[in-house]
Amino acid sequence: METVYVFFANGFEEIEALTPVDVLRRAGLKVEMVSITSEDVVIGAHGVSLTCDSLFEDCDFSDALLLLLPGGMPGADNLSKHEGLNELLLKQDANKKKIAAICAAPMVLGKLGLLKGRKATCYPGFESFLAGAQLVNAPVVEDAHITTGNGPGAAMAFSLALVHELVGEAKMQELIKGMGVKL
């Protein structure tokens with residue numbers, strides 16, 4: 001089974017990280033929470049401690065269905081400084097495989113040049129990091145194999161958009177009904 005990898009760095013935004021993990025697992029997808037630090041426990045931007053499933057160096061990512069980057073500061077900045085993650089994102093993009101980033105994390109994709117000529121959104125104030133992107137003021141923006149979200153308030157819509165992309169409309173509607181989501 002292909003895997004959704006969600007990357008965690010100290011300073012991650014809790015809602016933007018845990019909402020997709022929860023919703024994608026509810027959709028029946030295999031989701032692996034990966035620490036890019038040397039520890040399996042990472043600390044969120046609001047002091048929430050989380051134990052990841054694995055460390056970056058222990059994964060080979062050959063079964064990656066989706067690479068997902070939560071925002072938060074300094075979490076997104078920490079993600080952007082991880083050379084192994086940057087190389088993995090470039091490879092995923094070259095293979096036209098799914099990538100998603102929310103809030104401040106689209107800056108990681110922007111710094112790598114992955115958003116040039118693409119529609120994208122991000123948290124207000126991070127637009128300058130989205131080099132060459134066509135900025136869209138929307139909670140969620142999908143362009144080819146890249147999905148971006150604009151902040152904590154978009155975490156559910158972002159997660160459901162990913163379910164729609166990966167599993168389909170019927171599963172997304174089932175989750176909306178089952179969780180009582182009002183979009």
Side-chain angles (χ1 to χ4, degrees), residues 4-9 11-27 29 31 44-46 64-80 85-86 89-90 92-93 95-183:
V4 172
Y5 290 97
V6 182
F7 297 93
F8 288 80
F12 70 93
E13 170 55 55
E14 292 89 343
I15 291 171
E16 297 164 359
L18 295 176
T19 302
V21 168
D22 180 273
V23 172
L24 293 169
R25 286 183 176 171
R26 287 174 191 251
L29 294 163
V31 179
H46 301 98
L65 174 63
L66 167 69
L67 304 180
L68 195 154
L69 308 177
M73 289 300 280
D77 192 45
N78 289 333
L79 291 173
S80 75
L85 179 57
N86 287 333
L89 289 164
L90 289 167
Q92 186 88 344
D93 181 64
N95 291 323
K96 305 291 186 239
K97 293 183 79 178
K98 297 277 186 199
I99 299 171
I102 187 169
C103 193
M107 79 174 190
V108 178
L109 307 181
K111 288 179 178 183
L112 293 172
L114 303 183
L115 298 177
K116 287 183 181 165
R118 296 193 185 283
K119 293 177 184 174
T121 191
C122 65
Y123 192 75
F126 285 84
E127 296 87 353
S128 64
F129 296 105
L130 277 56
Q134 180 183 346
L135 297 171
V136 179
N137 183 15
V140 181
V141 175
E142 300 171 40
D143 190 328
H145 61 281
I146 297 179
T147 302
T148 52
N150 72 352
M156 182 59 75
F158 177 75
S159 301
L160 290 167
L162 294 173
V163 169
H164 185 264
E165 288 177 42
L166 300 172
V167 186
E169 176 76 19
K171 181 56 80 172
M172 182 187 76
Q173 291 301 327
E174 176 186 319
L175 291 176
I176 287 171
K177 183 179 178 185
M179 293 188 295
V181 176
K182 307 283 189 244
L183 295 175

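These figures come from a predicted structure and were not determined experimentally.
Nearest heavy-atom pair across Ala17 and Val6 is O-CG1, 4.5 Å. Contact between Asn150 and Ile102 at its shortest, heavy atoms only, is N-CG1, 4.3 Å. Nearest heavy-atom pair, Gly110 versus Ala131, reported as atom, atom and distance to 0.1 Å: O-CB, 4.0 Å. For the residue pair Asn86 and Leu79, the shortest heavy atom distance occurs at OD1-O, 4.2 Å. Annotation for Leu66 and Ala100: closest pair CD1-N, 3.7 Å, computed over non-hydrogen atoms. Of all heavy-atom pairs spanning Ala9 and Gly75, the tightest one is CB-O, 3.7 Å.
Within the 4.5 Å cutoff, the side chain of Pro152 has heavy atoms near those of the Cys103 side chain. The shortest distance between side-chain heavy atoms of His145 and Asp93 falls below 4.5 Å. In this structure the side chain of Leu130 never reaches within 4.5 angstrom of the side chain of Leu109, judged on heavy atoms. Looking at heavy atoms from C-beta onward, Leu162 lies out of side-chain contact with Leu29 at the 4.5 angstrom threshold.
Around the NZ atom of Lys97, the shell of radius 6.0 Å holds more than 12 heavy atoms that belong to other residues, nucleotides or ligands. Asn137 CG: 12 or fewer foreign heavy atoms inside a 6.0 Å radius. A 6.0 Å sphere centred on NZ of Lys119 holds no more than 12 heavy atoms belonging to other residues, nucleotides or ligands. More than 12 heavy atoms of other residues, nucleotides or ligands sit less than 6.0 Å from atom OH of Tyr5.
Checked by atom type and distance alone, the side chain of Thr19 never pairs as donor or acceptor with a backbone atom of Met156 at under 3.5 Å. Remark: side-chain polar atoms of Glu13 are not paired, donor with acceptor, to backbone N or O of Gly71 under 3.5 angstrom. Thr148 places no side-chain N or O within donor-acceptor distance of the main-chain N or O of Ala101, the cut-off being under 3.5 Å. In terms of modelled atom types and a separation under 3.5 Å, the side chain of Glu127 and the main chain of Gly125 share a donor-acceptor contact.
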For a side chain to side chain contact (heavy atoms under 4.5 Å, CB included) check, start with the C-alpha distance between Leu175 and Val181, then their side-chain angles and the critical distance, and finish with the verdict. CA-CA 8 Å; Leu175 291 176; Val181 176; over 6 Å; no

Please step through side chain to side chain contact (heavy atoms under 4.5 Å, CB included) for the pair Asp143 and Gln134, ending with a clear verdict. CA-CA 10 Å; Asp143 190 328; Gln134 180 183 346; over 6 Å; no

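Test Leu24, Asp22, Leu65 against Val31 for side chain to side chain contact (heavy atoms under 4.5 Å, CB included) and you get one pass: Leu24. With Thr147 as the partner, the side-chain hydrogen bond (donor to acceptor under 3.5 Å, both in side chains) test is satisfied by one option alone out of Lys98, His164, Glu165, Glu142: Glu165. Of the listed residues (Asn78, Val108, Leu85), just one forms a side chain to side chain contact (heavy atoms under 4.5 Å, CB included) with Phe7, and that residue is Leu85.
From Met73, atom CE reaches atom CZ of Phe12 across 15.0 Å, with rounding to the nearest 0.5 Å. Here the CG-CG distance, from Leu112 to Leu90, works out to 5.0 Å after rounding to the nearest 0.5 Å.
Relative ring orientation between Phe126 and Phe129 is described as tilted, the plane-to-plane angle lying within the 30° to 60° band.
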